[in-house]
Amino acid sequence: MSSDDSTKPKDFIRAIVAEDVAKKKNGGQVATRFPTEPNGCLHIGHAKSIVLNFGIAKENEGGICNLRFDDTNPTTEETQHVESIVEDVRWLGYDWGDRIHFTSDYFDQLFEFAVRLIEKGKAFVDDQSAEEIRANNGSLTQPGRNSPSRDRSVEENLDLFARMKAGEFDAGRKTLRAKIDMSSSVLTLRDPIMYRIQKSHHHRTGEDWSIYPMYDFAHGQSDAIEGITHSICTLEFQDHRPLYDWYIQELGLEPAPRQIEFARLNLTYTVMSKRMLRRLVDEGHVDGWDDPRLPTLRGLRRRGYTPDSIRSFCEGIGVAKRDNMIELARLEHSIRHDLNLRAKRVMGVLRPLKLVIENMPEGEVDELDAINNPEDDSAGTRKVPFSRELYIERDDFMEDPPKKFFRLAPGREVRLRYAYFVTCTEVVKDVDGEVVELRCTYDPATRGGDAPDGRKVKGTLHWVSVHHAIDAEVRLYDTLFSVEDPTRTLPGQDFTDNLNPSSLEVLRKVKVEPSMAGAVPGSVCQFERQGYFCVDPDSDEHRLVFNRTVTLRDTWAKVAKKEKR
RNA sequence: UGGGGCGUCGCCAAAUGGUAAGGCAGCGGCCUUUGGAGCCGCCAUUUGUAGGUUCGAGUCCUACCGCCCCAGCCA
């Protein structure tokens with residue numbers, strides 16, 4: 001039964017960690033962190049990183065994972081984002097104990113680190129303007145030029161840096177730069193800026209500082225301060241690793257944390273950059289950060305995705321260094337798999353078509369037993385009222401059906417789920433020829449759905465009793481974009497040109513079975529034969545609103561599509 | 001173009017010189033009171049290309065091709 005599979009690292013990062021632990025590096029300890037800038041909303045790409053970092057900590061004895069906010073740029077960061085991020089990571093199912101940290105907690109120490117580098121002659125205050133710095137930075141193929149300020153004395157640098165801190169200079173007038181190599185082919189090493197002057201309000205330190213460290217100068221040192229052993233980030237930071245290591249080494253920080261990079265998540269039919277997500281929200285293409293069409297954690301939650309499904313998705317896609325684009329189908333698979341096991345089955349008719357059973361007396365109500373979840377006996381059964389007038393799905397009737405259509409048609413007999421066999425005897429149309437009602441007869445001997453004479457029926461339909469049904473609104477979602485990679489655009493266009501104009505369809509005349517009365521926001525169910533749905537927070541005691549999380553797999557749709565061709 | 005990375009099935013992804021896992025998707029079939037779920041089977045003679053080393057190469061060497069990232073006082 002047991003095997004060694006569980007001890008086998010699943011990806012290259014876990015392999016590195018396992019190797020370090022085996023070598024007793026860092027005393028065999030493992031400490032990771034999930035870092036983020038509090039300037040936006042978490043999305044499923046962040047979830048990949050969260051699951052990775054917290055997962056590695058959990059898998060190693062005594063391992064820890066800190067939550068860290070990289071709040072080094074006061075102009076873009078806000079407390080409200082901190083709160084929303086904390087909530088999202090918790091919702092995903094992770095706990096960091098009391099280890100919630102802010103880079104701003106380390107501002108004093110970082111300042112001291114900077115002074116130390118100045119004293120070593122490894123940093124200098126630069127008088128150049130942003131334009132001059134850019135102009136002297138060279139290009140991909142051309143080396144840069146040394147700043148005229150580069151050879152200032154240690155004393156002068158110390159004095160200037162102290163005055164920068166004291167707020168004596170206006171924003172942009174001076175920077176503190178590391179003295180490395182302006183001709184390096186690694187652009188990050190061309191005397192990188194360590195501190196810039198910025199006189200804006202910081203969400204935690206207020207007006208205490210007029211200088212703020214750059215990410216590169218802050219991140220590795222923060223890792224070292226927290227005792228992080230493995231600092232996992234995305235591929236675009238690969239070029240920063242030499243600088244990360246340079247600061248740690250020049251400052252003699254031990255044990256040295258190790259930066260490891262992996263490929264970020266890309267998902268088809270959506271975008272994952274903060275910038276683009278923000279535009280979608282700001283320009284009103286979606287209805288807020290929690291719009292169910294967004295790949296944000298809040299959007300996915302409102303859509304009905306469970307933390308379990310997101311975690312198993314992230315664990316399933318793997319971690320590697322090659323660029324990837326995961327098919328949406330894979331995410332959908334993980335939520336279907338999860339909800340199949342836990343969602344209560346219920347009948348709801350999205351586009352109602354009236355069906356009258358002529359041989360059933362008016363006013364008679366038959367209470368039938370229905371199974372709540374065939375995957376889970378403990379979910380039990382419920383009663384569903386059946387009567388002379390019912391609604392069935394419009395799509396479940398065709399006047400002139402193709403060969404493989406198993407549902408209702410004139411003269412044809414089908415089963416109404418958990419109820420009776422019915423046969424269509426007459427089709428009622430309005431003046432435009434639109435089918436408005438079906439007349440049927442039922443076979444009382446088939447109560448529950450089986451014929452005592454053993455006769456079989458091809459199709460089983462969901463239904464709802466006209467006089468017992470509850471009204472509901474249903475929001476059907478399609479992909480937000482109509483192409484797999486919305487960032488790939490034609491000349492002169494941008495990603496919003498790839499938006500799917502029909503990503504949202506609202507159905508306002510939905511009829512659901514009475515057992516749904518009082519359903520609470522956030523609760524999930526399966527409308528049989530249609531998909532998984534969850535109750536939207538827009539619901540109240542007078543209004544029931546459902547979001548379709550995902551459809552059921554639909555082989556009929558495939559057959560129908562094939563026949564059309 | 002200088003530098004840093006990456007190329008294994010439609011999409012992910014294992015394989016650490018010993019004869020190409022697995023998942024998703026797809027395709028058949030079984031079963032079915034959800035055209036759901038479940039079950040069974042099929043799905044890379046070949047790892048970007050071309051050479052080379054070796055008894056043996058996805059793994060090592062050479063050359064080429066392709067894709068991604070870097071020229072913020074963003075992270």
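Only heavy atoms go into these numbers, but all of them, side chains included; no hydrogens, no water, no symmetry mates.
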Plane angle bin for Phe237(A) and His240(A) - parallel if under 30°, tilted between 30 and 60°, otherwise perpendicular: perpendicular
Base, sugar-phosphate, or nothing for Phe405(A), non-hydrogen atoms under 4.0 angstrom? base
Could you check how far CG of Leu339(A) sits from P of G38(B), rounded to whole Å? 14 Å
For Arg177(A), the salt bridge (charged side-chain N to carboxylate O under 4.0 Å, His left out) test, sequence neighbours excluded, returns Asp126(A)
Protein-nucleotide distance (Asp181(A), atom CG; G3(B), atom P), rounded to Å: 14 Å
Euclidean distance, atom CD1 of residue Ile335(A) to atom C1' of G23(B) [Å, nearest integer]: 18 Å
Those residues at least two apart in sequence (or on a different chain) that pass salt bridge (charged side-chain N to carboxylate O under 4.0 Å, His left out) with Arg279(A) are Glu283(A), Asp494(A)
Check every atom of A13(B), G35(B), G36(B) against the side chain of Leu552(A) and return the nucleotide holding the closest atom. G36(B)
Contacts of Lys458(A) and Arg330(A) projected onto RNA chain B by closest heavy atom; the upstream (5') one is Arg330(A)
Please list, chain by chain and in numerical order, all residues satisfying salt bridge (charged side-chain N to carboxylate O under 4.0 Å, His left out) with Lys383(A), sequence neighbours excluded. Asp369(A)
Would you mind telling me which residue lines up with the more 5' stretch of RNA chain B, Val559(A) or His337(A), judged by nearest nucleotide? Val559(A)
What pairs of residues pass the side-chain hydrogen bond (donor to acceptor under 3.5 Å, both in side chains) test when at least one of them lies in residues 310-319 of chain A, not counting sequence neighbours? Asp308(A)-Arg311(A)
Round to a whole Å and report the spacing from CG of Asp11(A) to C1' of C12(B). 14 Å
Scan side-chain atoms only and decide if Arg417(A) and Thr460(A) contain a donor-acceptor pair under the 3.5 Å cut-off. no
Roughly how many Å is it from CZ in Arg241(A) to P in G4(B), rounded to a whole number? 11 Å
Sequence neighbours left out, what pairs pass salt bridge (charged side-chain N to carboxylate O under 4.0 Å, His left out) with at least one residue falling in residues 129-144 of chain A? none
Which residues pass the side chain to side chain donor-acceptor pair (under 3.5 Å) test with Thr75(A), not counting sequence neighbours? Asn73(A)
Taking U16(B), A14(B), U34(B) as options, the one with an atom nearest any side-chain atom of Ala15(A) is U16(B)
Pair listing, side-chain hydrogen bond (donor to acceptor under 3.5 Å, both in side chains) test, anchored in residues 261-274 of chain A, at least two apart: Asn39(A)-Lys274(A), Glu236(A)-Arg264(A), Arg241(A)-Glu261(A), Gln259(A)-Glu261(A)
Of the listed nucleotides (C12(B), G36(B), G35(B)), which one gets closest to any side-chain atom of Pro374(A)? G36(B)
With distance as the sole test, does Asn373(A) use its side chain to make a donor-acceptor pair with the main-chain N or O of Leu341(A) at under 3.5 Å? yes
Return the polar atom pairs (N/O with N/O) between nucleotides 7-9 of chain B and the protein under 3.5 Å, or none.
from  : atom 1 : to        : atom 2 : distance (Å)
U8(B) : O4     : Arg322(A) : NH2    : 3.3

Nearest-angstrom distance, C1' atom, G3(B) to C12(B): 29 Å
Glycosidic torsion of G48(B) (syn if within 90° of 0, anti otherwise) classifies it as anti
Nearest-Å distance for atom pair NZ/P, residues Lys456(A) and G35(B): 15 Å
Residues at least two apart in sequence or cross-chain that pass salt bridge (charged side-chain N to carboxylate O under 4.0 Å, His left out) with Arg68(A), listed by chain then number, are Asp223(A), Glu226(A)
Could you name each residue pair satisfying side-chain hydrogen bond (donor to acceptor under 3.5 Å, both in side chains) that touches residues 442-452 of chain A, not counting sequence neighbours? Asp366(A)-Arg447(A), Tyr420(A)-Arg447(A), Asp443(A)-Arg455(A)
Reading 5' to 3' through nucleotides 68-75 of chain B, protein heavy-atom contacts under 4.0 Å coded B for base, S for sugar-phosphate only, - for none: SBBBSBSB
Candidate nucleotides G5(B), G35(B), C12(B), ranked by approach to the side chain of Asp554(A) - the nearest: G35(B)
Please give, in whole Å, the distance from G23(B) P to Ile317(A) CD1? 17 Å
With the side chain of Thr555(A) defined as its heavy atoms from C-beta on, choose the nearest nucleotide among G35(B), C6(B), G2(B). G35(B)
Need one value for Gln238(A): base, sugar-phosphate or nothing, where a base atom within 4.0 Å counts as base even if backbone is also close, heavy atoms only. sugar-phosphate
Distance between P atoms of A13(B) and U8(B) (Å, rounded): 9 Å
Base, sugar-phosphate, or nothing: which does Val346(A) touch, judged by heavy atoms less than 4.0 Å apart? nothing
For Tyr247(A) and Phe113(A), indicate whether the former's side chain and the latter's backbone hold a donor-acceptor pair under 3.5 Å. no
For RNA chain B, stems built from three or more consecutive Watson-Crick or G-U wobble pairs below 3.5 Å: B:2-7 with B:65-70, B:10-12 with B:22-24, B:26-30 with B:38-42, B:48-52 with B:60-64
Quickly work out the Lys10(A) NZ to A21(B) C1' distance and round it to whole Å. 15 Å
